[in-house]
Novice: 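Got a structure for you, questions after.
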Amino acid sequence: MKVLDVQSLVVFYGKINALKGVSLSVEQGQFVTLIGANGAGKTTLLNTVTGVVEGTEGSVRYHGKEILNRYPHDIVRLGIAHVPEGRKIFPELTVEENMRIGAFIMKDRTRVQALLDRNYELFPRLAERRRQEGGTLSGGEQQMLAIARGLMSDPELILLDEPSLGLAPLLVEKIFEFIVEINRLGKSILLVEQNANLALQVAHYGYVMETGRVVREDSTDRLRSDDAIKNAYLGIG
Amino acid sequence: MLAQQIINGITQGSLFALLAISFAIVYGTLRLVNFATGSLYMIGAYTSFYVVRHVSSNLFVSLAIAAVVGFVMGLILERLAFKSLRGVSRIASLICTIGFSLFLNELAAVIFGRETRVMPSVYTGTAFRIAGTNIIWLQVIMILVAGVIVIGLQLLLFKTKMGLSIRAVSLDYKTAGLMGINVDRTISFAFGLASACAGVAGVLAAFYYNSVFPVMGTLPGLKSFSAAVFGGLTSIPGAILGGYLLGVIENLAVQVISSGYRDIVGFIILVVFLLVRPRGLLGRKIPM
Ligand SMILES: Nc1ncnc2c1ncn2[C@@H]1O[C@H](COP(=O)(O)OP(=O)(O)OP(=O)(O)O)[C@@H](O)[C@H]1O
Ligand SMILES: [Mg+2]
C-alpha cells in the first residue's frame with residue numbers, strides 16, 4: 001500500500017523549472033532514498049510535498065488523498081514529518097523546547113510526555129542536554145535533535161533532507177543507524193542524500209534525480225551494482 | 001522640581017514603553033516597522049473619548065474597549081499592509097503602513113474634527129508624596145497598567161502555546177510551519193496584540209493629557225520607535241527600558257536645557273547611541 005504517491009509533479013521558481021514531472025512513491029514501512037547531484041531538485045520535491053513550495057502541476061497523494069499545495073501546518077497533522085535541509089533547529093530555544101515544538105500538534109500532554117521519554121531513550125545524548133540551547137549543540141547533536149523533533153509529532157512518514165550534511169564520517173554512520181532504527185520501528189522513510197554510497201546501502205528502494213527529473217529508479221541492490229550509477233554517484237568504477 | 005520631572009518622565013515613559021513594545025512585537029515577528037503605530041494610539045485615545053461620553057467615565061472600561069478596538073484594527077491593518085503584500089517587498093509593506101497612518105489620521109480629522117477634544121480629569125488625587133512632590137493616582141495607575149501589560153506579555157510569550165508559536169515564527173517562520181504552527185494566524189495574533197498595546201497607550205495618554213486630536217500619535221509614535229530601536233528593536237525588555245529612559249531623559253532635558261528642545265533630545269541621543277552600539281541596548285540577532 002502506498003503511503004506517499006507523487007505523480008508528474010511540476011514546480012517553478014519564477015521562470016526556473018525545478019521539477020519537470022517527477023513521479024515517486026513510498027510504500028508502507030518502506031525505506032526509500034532519493035539521490036542526485038546538487039541542484040537536481042531533491043529539496044524542492046520534499047518542500048512541495050510538505051507545502052513549503054507550491055507545485056504548479058501533478059499530484060501528491062498521501063494514503064490516496066490529494067495533498068498538493070496544502071499548508072505545511074496541515075500536512076504535519078496528516079502524519080508527515082519533514083526534517084529540513086540544514087537541520088533548522090531553533091538555536092535560541094532549549095533542546096527540550098525544540099522537542100516540544102515538534103509535538104506542537106499534540107493536544108494530549110501525557111502523550112507528549114510519552115513521546116519525549118521515548119525519543120530521549122532513542123537519543124540519550126539529547127536527554128543529557130535537554131536544558132541546553134539548541135545552538136550550542138555540536139553538528140551531529142543538532143542533526144539528532146532535528147530528527148528527534150521530527151519524531152515528536154509521531155509521524156507515519158518521515159522526510160529527511162541530507163541528514164549527513166557537514167558531519168564527520170563516523171557521525172554520519174551513527175545518524176544512519178538511527179534512521180534504520182526508526183524505519184524498523186515502523187515509520188516509512190524518504191531520505192534525500194548526496195552520500196549515495198551509504199544511502200543505497202541502508203534503503204530498500206532508490207530514485208536518482210538529474211536536473212528536475214527522475215532518471216532511474218530501482219531496488220537499491222540493483223542500483224548499487226549498476227555501472228552507470230557506480231560511475232556517476234558512488235565514486236567507484 | 002527634579003523629583004517631579006523624574007516622576008513625569010516615568011509616567012510618560014510608560015506610554016513610550018507600551019508603544020515601543022508594539023513596535024518590537026511587530027518587528028520581532030515580521031521584521032517590519034509598523035509606522036501606523038502612532039495612529040493606532042490615536043484611535044485608542046478617540047475610543048476612550050467616546051467611551052467616556054457614551055458608555056462609562058471609568059478609565060478601565062476605556063482601556064478594555066480600546067484594547068479590543070486596537071486588536072481588531074491591528075488585524076485589519078495586518079491583512080491590508082502585510083498579508084496581501086507578503087512576498088512582494090518589504091518596502092511596499094513599509095510604505096503601506098505609512099500610507100495607512102496618514103489615512104487614519106485624515107479619517108479621524110474628517111470624522112471627529114481637527115480640533116482638540118477635551119477629556120475629563122480622573123484620579124487626580126494625590127496618591128503619595130516623594131521628596132516634596134505630589135504623585136497623583138493617575139500616574140500610579142499608568143505605571144501599574146504598563147507593568148501589568150508587560151508581565152502579562154511575558155507570561156503569554158513564555159508560558160503559553162500561542163507564545164511558543166509567536167517565538168517560533170519570529171525565529172524561523174518556515175520551520176515553524178513544518179512543526180504544525182499556523183504561521184498566518186500567529187502573525188495576525190501578534191499584530192493584534194501589538195496594536196492593542198498601542199491602543200491602551202492611547203487611552204492612558206488621553207486621560208493624562210486631557211486631550212485627543214487626530215495627529216496626537218505622530219510624535220509619540222516616532223519617539224517610541226526611537227525608544228524601540230534604542231532597546232534593540234526585537235527585544236521587549238529592551239523596548240521597555242528604551243521607553244522609560246526616553247521619558248525620563250526628555251523630562252530631565254526640559255529641566256536642564258529648555259522645553260523647546262524636548263522633542264529632539266530623544267532623537268539626538270538615539271543617533272549618538274546607535275553610532276556607538278548599532279544593535280541597540282539589548283538587541284541580539286534573536287528576537288524577543
Ligand atoms: N527559492 C528558490 N528560488 C529560485 N530557485 C531555486 C530556489 N530553490 C531552489 N532553486 C533552484 O531549483 C533547483 C533545484 O534546487 P534544490 O534545492 O531542490 O536542489 P537539491 O537537489 O536539493 O540540491 P542540493 O543537493 O544542493 O541540496 C536548483 O537549480 C536551484 O537553484
Ligand atoms: Mg537540497
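Convention: sequence-line order gives letters A, B, ...; per-chain numbering from 1.
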Novice: Give the minimum heavy-atom separation between A:Pro72 and B:Leu178, together with the two atoms involved.
Specialist: CB-N, 4.2 Å
Novice: Measure A:Phe104 against the heavy atoms of chain B and call it side chain, backbone, both or neither at under 4.5 Å.
Specialist: both
Novice: Hey, is NZ on A:Lys2 packed in by over 12 heavy atoms from elsewhere, all under 6.0 Å?
Specialist: no
Novice: If you measure from NZ on B:Lys174 to OG1 on A:Thr50, what distance do you get to the nearest 0.5 Å?
Specialist: 11.0 Å
Novice: Around atom CD of A:Glu181, are there more than 12 heavy atoms of other residues, nucleotides or ligands at under 6.0 Å?
Specialist: yes
Novice: Would you indicate whether B:Tyr173, at its atom OH, is surrounded by more than 12 heavy atoms from other residues, nucleotides or ligands within a distance under 6.0 Å?
Specialist: no
Novice: Any heavy-atom pair between the side chains of B:Thr175 and A:Arg149 that's under 4.5 Å?
Specialist: yes
Novice: Pick whichever of A:Arg77, A:Lys88, A:Glu97, A:Arg100 has the most heavy-atom pairs under 4.5 Å with chain B.
Specialist: A:Lys88
Novice: Looking at A:His73 and B:Ile181, what are the two nearest heavy atoms and their distance?
Specialist: CB-O, 3.4 Å
Novice: Could you pull out the closest heavy-atom pair between A:Ile101 and B:Ala168, with the gap in Å?
Specialist: CD1-CB, 3.3 Å
Novice: For B:Phe103, does the CZ atom sit with more than 12 other heavy atoms under 6.0 Å from it, leaving out its own atoms?
Specialist: no
Novice: To the nearest 0.5 angstrom, please state how far the CZ atom of B:Arg185 sits from the OH atom of A:Tyr71.
Specialist: 11.5 Å
Novice: Looking at B:Asn182, B:Val183, B:Asp172, which makes the most heavy-atom pairs under 4.5 Å with chain A?
Specialist: B:Asn182
Novice: Above 12 or not: heavy atoms from other molecules or residues under 6.0 Å from CD of A:Glu66?
Specialist: yes
